[in-house]
Amino acid sequence: MAVPKAVLAEAHKLRAEIERHNYHYYVLDQPVVSDAEFDRLFCKLQQLEHEHPELVDPESPTQRVGGSPQPEFRQVTHRTPMLSLNNAFSEEEVMAFDRRVRERLEVDRVEYLAEPKFDGLAISLTYEQGRFIRGATRGDGYTGEDVTPNLRTVRSIPLRLRGKAPPGLLEVRGEVLMYRRDFDSLNQRQRASDEKEFANPRNAAAGGLRQLDSRITAARALRFFAYGVGVIEGAAVPASHSAAEDWLQDLGLPVCQERRVVHAVQGLMRFYQRMGERRAGLHYEIDGVVYKVNSLAAQQRLGYVSRAPRFAIAHKFPAEEANTEVLAIEVQVGRTGALTPVARLAPVFVGGVTVTNATLHNEDELQRKDVRVGDSVIVRRAGDVIPEVVAVVRDKRPKHAIAFKMPMTCPVCGSAVVRLPDEAVARCSGGLICAAQRKQALLHFASRRAMDIEGLGEKLVDQLVDRDAVKTAADLYRMGLAAFAELERMAEKSAQNVLQAIERSKNTTLARFIFALGIRNVGEATAKELARHFGSLDRLMQADEEALRQVPDIGPVVAFSIAQFFAEAHNREVIEQMRACGVHWEESEPRVAASLGRLAGKAFVLTGTLPKLSRDEVKELIEAQGGKVAGSVSRKTDYVVAGAEAGAKLAKAEELGIPVLDEAGLLELLKGKR
DNA sequence: GATCCTCGAGTTCT
DNA sequence: CTCGAGGATC
């Protein structure tokens, strides 16, 4: 049965009106009707849709209630990566940032867009032909999770863009957050229903966004603010960042009203101070301000360094500090036997979380700060993450406060504690006798960047080691289901999951395996270098210190650590056992040794962007033939490889009369045609 | 021998 | 994130 024309028109009218009010409320922050009036319109539309189910449209404002739970989140790859920003903590750092920008752009004065830095979660929204089709979390910056159903429940995110001719494709970057008042009422509800309260709005928002059941998200009252554009197709690209944000606002997306175009360091510092004053009065929490070079052409010229843009910086507010008391100072034993003093603190709420522990790093550091048990101390979260004891309040020191002394013997295994004369750390000399070191070695072995055995966490390793069920990493590969049966809190299902993860880890890479061994001074980067250089584990194991030193970035100390590790019969045995259990990887030919390649002993410096090859690819090609790639030009440099937008290094090369190659020239050289 | 840079290792909380 | 140490460079 067709819906009467009049009803259809009525529904359209209501939807348009509700969307207009949403726009005024969320985007312009200037509601034109009372909440009661808005509710009345909303109810009327709901009723109409209820009476005429065929009216229901997924883009109707009534459809923001969430749907049934999904089994999991899909992974989404961002078309352009969502990078993080570098931080500045002082005026000096901001001045240095501005200076770098001016030098690179060769101008005297830069126009910036300044805005608050939201303490929320970065997300990306994709609109096709003006329709909201996908929303994703930032994730690691390259891939995130598809949270579209959850974001559909966020009322300030338009399901359709305003205007007659929306762009064919638009990817909007912005932040999801929770207003303080919504956070307070959420916690009130949690309290009332005897559920766990959230520590801060950020966590509540994060929890809300990661719900598999979007109906829960809908109940969290999340907000969204846009601050950038990832991809535009089918519309003119704005000339400046501020113009882009104005345009986003015209399209119906909420953009922060505190944003300002300012000039030079003075403008930046004025904005910083102003936001510091306004901070407490805002609806949402911010942890600093962001400055972006306003001209998009200039942004492009500035480009990126590793993972962060050179055209923007986050100027953070000073970390919040709090007072608390040192209840005890305990000692932890790390993978290498390092003894680390840790302060147990009376719980204190600082920077959005309750802190109970803080590392004191080592004996010297502890002495410098002179922290004693019973002391009253000032605590902050360094870089807003890791708790740190800033200072002791000396006036409040009780008479009985006890100074800490590093134990003479290991608190875990009783072995002697040794501190080498020119080292800062004291170490347990017990080696693998020490249960703490064995546990840490296993955790390292299983960690994500090593063998990546999911589910083999601290609790499980504690039990396995305490029961002597596992002594070495090789033992992991010889465990059956039965070994888990007697463990506490281990259901058969989760035991199977761990076994499966262990099984999966057998298929690995040489670099991961070398890293997993936990050789002293051999981290991820060195392990990769070793794998590339030797190509096979046997060749690595047979290498003497002399041969090891040929590997870039390996000097006498690291070479000694590696040789010593493989000289140990026990270590060789464990490796053999693992190989016998089926741990395997692909081996390759050893890379041409530096003294043999065509480019042996030649030093290269790369600058600018080459048309086809990436920096890493070029580096690999040069190193494959025994050449070296250095960071800066000096008299020792043999060639400079320059691409587009080459900078000071090219100038220096010309000054010193060093041959400069372009990509084609480099390729010819590599092929031996020169 | 001094200095810059990168890597390794240890750490917190959700 | 922060510190310390190792390596490379001048």
Side-chain angles (χ1 to χ4, degrees), chain A residues 84 86-87 89 121 196-210 305-306 316 319 330-345 347-366 368-369 379-390 419-427 436-437 439-441 443-444 447 449-450 457-458 514-515 517-530 548-562 603 605 628-637 652 656:
Chain A
S84 47
N86 282 326
N87 291 319
F89 294 93
L121 299 121
K196 218 177 120 237
E197 290 181 52
F198 293 94
N200 53 56
R202 190 182 185 282
N203 286 354
L209 202 58
R210 296 205 73 259
V305 233
S306 66
K316 298 291 217 61
E330 288 171 13
V331 174
Q332 283 179 5
V333 184
R335 171 166 67 87
T336 62
L339 299 190
T340 311
V342 177
R344 305 280 172 224
L345 306 167
V348 60
F349 192 76
V350 53
V353 294
T354 305
V355 168
T356 54
N357 300 313
T359 175
L360 297 165
H361 295 115
N362 57 51
E363 229 175 335
D364 294 350
E365 172 87 6
L366 202 157
R368 224 173 298 141
K369 289 181 177 165
V379 181
R380 76 166 166 221
R381 296 219 296 154
D384 272 344
V385 185
I386 295 173
E388 164 186 59
V389 173
V390 182
R419 181 173 167 189
L420 296 176
D422 43 358
E423 281 199 348
V425 282
R427 290 197 149 85
Q437 291 187 51
K439 284 176 188 174
Q440 293 298 323
L443 284 171
H444 171 80
S447 66
R449 307 174 111 111
E458 202 178 329
I514 294 170
F515 176 54
L517 292 174
I519 302 166
R520 183 82 82 80
N521 299 316
V522 176
E524 218 182 345
T526 311
K528 270 191 194 143
E529 203 58 55
L530 288 168
L548 288 164
R549 269 207 304 269
Q550 302 306 313
V551 183
D553 296 330
I554 291 184
V557 176
V558 180
F560 176 74
S561 300
I562 299 168
V605 172
K628 269 175 137 184
V629 176
S632 56
V633 180
S634 71
R635 273 178 297 278
K636 288 188 193 165
T637 308
K652 181 138 188 212
L656 295 172

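Side-chain atoms are counted along with the backbone in the values below, which use heavy atoms only and exclude waters and symmetry mates.
Backbone-only engagement by A:Glu524 is indicated by non-hydrogen atom pairs under 4.0 Å involving sugar-phosphate atoms exclusively.
Rounded to an integer number of Å, the gap from CD of A:Glu529 to C1' of B:dC7 is 12 Å.
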| request: Starting at the 5' end of DNA chain C, write a dot or bracket for each base, bracketing those in Watson-Crick or G-U wobble pairs whose two distances are under 3.5 Å and using | for partners on another strand. | output: ||||||||||
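Counted by atom type alone, A:Thr336 and A:Arg427 present one or more donor-acceptor pairs between their side chains at under 3.5 Å.
At least one side-chain heavy atom of A:Leu548 sits under 4.5 Å from a side-chain heavy atom of A:Leu530. Counting heavy atoms from C-beta outward, A:Val522 and A:Ile562 have side chains that approach closer than 4.5 Å.
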N/O contacts under 3.5 Å, protein versus nucleotides 2-6 of chain B?
none

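The environment of A:Glu458 atom CD is sparse: at most 12 non-hydrogen atoms of other residues, nucleotides or ligands sit within 6.0 angstrom. Atom CZ of A:Arg419 is surrounded by more than 12 heavy atoms from other residues, nucleotides or ligands within 6.0 Å. A:Lys369 NZ: more than 12 foreign heavy atoms inside a 6.0 Å radius.
Here C:dG6 is the nucleotide among B:dG8, C:dG6, C:dA5 with the atom lying nearest to any side-chain atom of A:Val558.
Residues passing the ring pair (Phe, Tyr, Trp, His ring centres under 6.0 Å) test with A:His361, sequence neighbours excluded: none. Taking A:Val331 as the reference, A:Leu339, A:Phe404, A:Pro407, A:Pro411 meet the side-chain contact (heavy atoms from CB on, under 4.5 Å) condition, with sequence neighbours excluded. In this structure A:Ala525 satisfies the side-chain contact (heavy atoms from CB on, under 4.5 Å) test with no other residue, sequence neighbours excluded.
A distance-only check finds no donor-acceptor pair linking the side chain of A:Arg335 to the backbone of A:His444 [under 3.5 Å].
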| task | Could you run through nucleotides 9-14 of chain B and give me one letter per nucleotide, 5' to 3': B if any protein heavy atom sits under 4.0 Å from the base, S if only the sugar-phosphate is that close, - if neither? | result | SSBBSS
